[in-house]
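Below is one structure, written out as structure tokens, with a few remarks after it.
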Number of protein chains: 2
Amino acid sequence: MKRLFLAIAVASLAATSYAHAGSNELIKFRQSGYAFMEWNMHKIQAQVIDHPESFDRAQVVASANVIAAIANSGLGALFAPGTDTGTGWQPTRVKQELFLQTDKVKTLAMDFNHQANQLAVVAVNGDPKAIRAQLGKVAESCKNCHERYRARE
Amino acid sequence: MKRLFLAIAVASLAATSYAHAGSNELIKFRQSGYAFMEWNMHKIQAQVIDHPESFDRAQVVASANVIAAIANSGLGALFAPGTDTGTGWQPTRVKQELFLQTDKVKTLAMDFNHQANQLAVVAVNGDPKAIRAQLGKVAESCKNCHERYRARE
């Protein structure tokens, strides 16, 4: 739990340090972070679900480390005030509610953080079944936030 | 060195597994990875150069871990054949030479990988001067590739 609170604290600090960055730049960075996690989610999915014969522990660990590191990087700073509208790589799909329901968002963010860090731990153990189960929990934590706070395309 | 060779091996394997992904999707993922590293380079720079009073070891470690994890994620797979032209978030700026000068690219990629992993180690030690010096080496390794293989905007 200590690690989770630290992640939240880091997010707050970084928000302060990066107040000068343009809103569109912050939106671009957050779109980048989520997209890069998506690639790594796909890679793990391929190795434990779609093509289990291709399972390679080192690759899964590398992907899980990316997801955990991005989750731990203080993503909250990329949702600074003023980033509710704007265009990064593309117009943001974030809903206004994300900036209003801070307690709920914090709970979802902490769950995502926890599941992502757990995936990195499970990946090292190298059991495809356990990785598959934990990948599902990470995906669920992504979905919980997307359903509430991201507009459909 | 073992870690570097592993990273290269992972890149090759992933290239095989992801041959089915569309070229534009691979371009989008690589643009995302580099942009997200850029954000984290900026954050470290702010804390050891521009605003040293804001130095926070935990934040620097978190950013360095992102850069190392992305460097170790098999980025080579995102430069698969067919990705020399195309549009991810935006049209790719990669030059044809990157796909032809494979030995040189491998050398530069290994240097970047080494410097990024070293930054993660130095960050944990928490000496701002050493972090600043190592950040410079990472930036140099980025520049070495960009100057040769990325078209100017």
Side-chain angles (χ1 to χ4, degrees), chain A residues 2-3 6-7 9-14 16-21 25-40 42-47 50-51 53-75 77-78 87-90 120, chain B residues 2-3 5-7 9-14 16-18 20-21 25-40 42-47 50-51 53-75 77-78 87-90 120:
Chain A
K2 200 175 157 196
R3 201 167 177 181
L6 181 66
V10 167
S12 313
L13 280 168
T16 312
S17 318
Y18 280 76
H20 68 276
E25 200 175 14
L26 296 182
I27 293 170
K28 176 179 146 179
F29 289 141
R30 77 190 182 209
Q31 289 170 343
S32 298
Y34 289 111
F36 205 73
M37 285 195 285
E38 184 193 344
W39 179 51
N40 285 280
H42 287 176
K43 288 201 288 185
I44 299 175
Q45 181 187 324
Q47 293 175 68
D50 303 330
H51 304 286
E53 74 285 0
S54 71
F55 181 79
D56 180 295
R57 194 179 72 96
Q59 275 200 51
V60 171
V61 167
S63 285
N65 283 347
V66 166
I67 296 165
I70 294 179
N72 294 334
S73 71
L75 290 172
L78 298 175
T87 299
W89 292 112
Q90 64 184 22
Chain B
K2 199 174 159 196
R3 202 167 178 183
F5 288 120
L6 181 65
V10 168
S12 312
L13 280 168
T16 311
S17 317
Y18 280 76
H20 69 277
E25 199 174 15
L26 296 182
I27 294 169
K28 176 179 145 178
F29 289 141
R30 76 189 182 210
Q31 289 171 341
S32 298
Y34 289 111
F36 204 73
M37 284 195 284
E38 184 193 345
W39 179 51
N40 285 279
H42 287 176
K43 289 201 289 184
I44 299 174
Q45 181 187 323
Q47 293 176 67
D50 304 330
H51 305 285
E53 74 285 358
S54 72
F55 181 79
D56 180 296
R57 195 180 71 96
Q59 275 200 51
V60 172
V61 167
S63 285
N65 284 347
V66 166
I67 297 164
I70 293 179
N72 294 334
S73 70
L75 290 171
L78 298 176
T87 300
W89 292 112
Q90 63 184 23

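Letters A, B, ... mirror the listed sequences (proteins, then strands); counts begin at 1.
Contact count against chain B (heavy-atom pairs under 4.5 Å) is highest for A/W89 among A/Y34, A/F36, A/W89. Contact count against chain A (heavy-atom pairs under 4.5 Å) is highest for B/A69 among B/A69, B/G88, B/S63.
Taken to the nearest 0.5 Å, the CZ atom of B/R30 stands 14.0 Å off from the OG atom of A/S32. The CG atom of A/N65 sits 8.5 Å away from the CG atom of B/N65 when rounded to the nearest 0.5 Å.
There is no contact between B/D50 and chain A, counting heavy-atom distances below 4.5 Å. In this structure, the portions of B/Q31 lying under 4.5 Å from any heavy atom of chain A include both its backbone and its side chain.
Of the possible polar contacts, one joining the B/K43 side chain to the A/S73 backbone as a donor-acceptor pair under 3.5 Å is found.
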Mind running side-chain contact (heavy atoms from CB on, under 4.5 Å) on B/E38 and A/F29 for me, showing each step along the way? CA-CA 9 Å; B/E38 184 193 345; A/F29 289 141; 4.1 Å; yes
